Amino acid sequence: MAENTSVNNNDNSSSSEKIRQEILALKKSRRGSLLILAHNYQLDEIQEIADFTGDSLELARYAASYHVPARKEDMVIVLCGVYFMAETAAILNPDSRVIIPDETSGCPLADMITDDKLLELKKQNPGAVVVTYVNSSAGVKALSDICCTSSNAVKVVESIPRDKKIIFVPDRNLGDYVKRRTARHDMIIWDGFCPTHDRLGAGDVMEAKSAHPSAVFMAHPECRREVLDMADFVASTSGMLKIARESPSEEFIVGTESGLLYRLKKENPHKRFYLASPKLVCPNMKKNNLINLHRSLISNSPVVKVPPDIKSKARKAIDAMLAV
Ligand code: SF4
């Protein structure tokens, strides 16, 4: 029995190596007309093979500013992340074909606010400025004044005149953090949350801290207030990468999705990183893998489509954020 398992493991690893090599060959043969982008929460093997890895803001910026050798219409952008990220890439690159390896990789947080619910909230609060976290559908972005990410949310809210009421959707934890940081009291915060970050509790952090008493604790603002209050740093994933690089500390407890450990360890091989809890795994972020990435490169699908009217309205809210 043990022998069979070992044969199967060898078979699996040699077939995934074969797929990896085929993807590398496809990248080489399509250089200049193919761009693979991966979010920091993707599986290690996807991050390893991508042309660029980053957080939501970095992926948006990179997609917006990428100058392609090919004609834009011949360009294929593969977004390895969840669906709203691929929509954002499609909005910022209207002439290119944007594909996602697994089109069912949605984001439960993004699904917690719909166009209808936001329209209703706007009706109840005429004149309020709608600030929408990028973890939202293209339709919701199209109904917003400005987008934000976890790395620029404070700056975005600070850019809004203080006499204006703000509607912040869809993440209640990020909204609460921004409200506290900016002391903006006239802020309506939608009751959405990221199931992965929200399940991290103060008890989990206490356990991690007692196991690693010398470690610095970094928490993502999608975590609950009780967790953020225990953090040495509250930061987005790009912020955490910067802290890990620049801090003299040798050990870090990481309060965000497990995928970030790949880059943290790769960029800081002499430092040690501990996930704050094994609960910090987003199943949606793990849906893209080498097999479906390979398949989508061969078929140039599934294509992410955003209707033109939604695209142009959502683009305004994203551009407003990029300007800030
Ligand atoms: Fe959505 Fe949270 Fe998963 Fe990110 S980690 S994709 S916010 S559910």
Side-chain angles (χ1 to χ4, degrees), residues 37-44 46-47 50 53-60 78-90 98 100-114 131-141 144 147-153 168-178 189-201 204 218-225 227-228 234-241 254-264 275-289 292 304 318 321:
L37 303 176
H39 189 267
N40 287 327
Y41 296 159
Q42 288 290 286
L43 291 171
D44 296 1
I46 294 278
Q47 294 194 48
T53 306
D55 65 11
S56 302
L57 178 61
E58 290 169 327
L59 294 181
V78 191
L79 199 299
C80 301
V82 288
Y83 201 81
F84 75 80
M85 295 174 177
E87 281 186 333
T88 306
V98 175
I100 183 166
D102 185 328
E103 62 185 336
T104 69
S105 52
C107 167
L109 166 61
D111 294 341
M112 287 181 194
I113 179 99
T114 60
V131 179
T132 296
Y133 189 29
V134 284
N135 296 34
S136 53
S137 69
V140 165
K141 287 186 180 81
S144 310
C147 289
C148 73
T149 68
S150 52
S151 50
N152 64 17
F168 189 95
V169 298
D171 190 89
R172 66 183 179 205
N173 293 334
L174 177 63
D176 177 58
Y177 170 71
V178 172
I189 300 172
W190 190 254
D191 196 22
F193 59 92
C194 159
T196 302
H197 286 87
D198 194 70
R199 68 171 84 102
L200 182 70
D204 301 309
M218 309 187 282
H220 192 280
E222 281 173 23
C223 295
R224 288 186 227 157
R225 183 192 278 211
V227 168
L228 300 187
V234 175
S236 63
T237 53
S238 56
M240 289 185 190
L241 287 160
V254 182
T256 193
E257 210 279 337
S258 62
L260 188 66
L261 291 186
Y262 171 79
R263 268 186 79 186
L264 284 167
L275 196 61
S277 160
K279 297 172 189 168
L280 287 166
V281 178
C282 171
N284 294 285
M285 277 286 179
K286 310 305 181 199
K287 284 189 173 179
N288 299 316
N289 53 44
N292 53 30
V304 175
I318 297 169
M321 168 188 79

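Remember, it's 1-based here, ligands and their atoms both numbered in the order they're listed. Since the model is a prediction, treat every value here as computed from it, not as a measurement.
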* If you round to the nearest 0.5 Å, how far is CG of N288 from OH of Y41? -> 15.5 Å
* Asked: Rounded to the nearest 0.5 Å, how far does OG1 of T237 lie from CD of E222?
  -> 9.5 Å
* Rounded distance [0.5 Å steps], CE in M285 versus CG in N40 -> 9.0 Å
* Could you tell me whether a side-chain N or O of S277 sits under 3.5 Å from a main-chain N or O of L280, the two making a donor and an acceptor? => no
* Asked: Are R172 and D198 close enough for a salt bridge, meaning some N to O gap below 4.0 Å?
  -> yes
* Which value, rounded to the nearest 0.5 Å, describes the distance between K286 atom NZ and S105 atom OG? -> 12.0 Å
* Provide the tally of protein N/O/S atoms nearer than 2.8 Å to atom 1 (Fe) of ligand 1. => 1
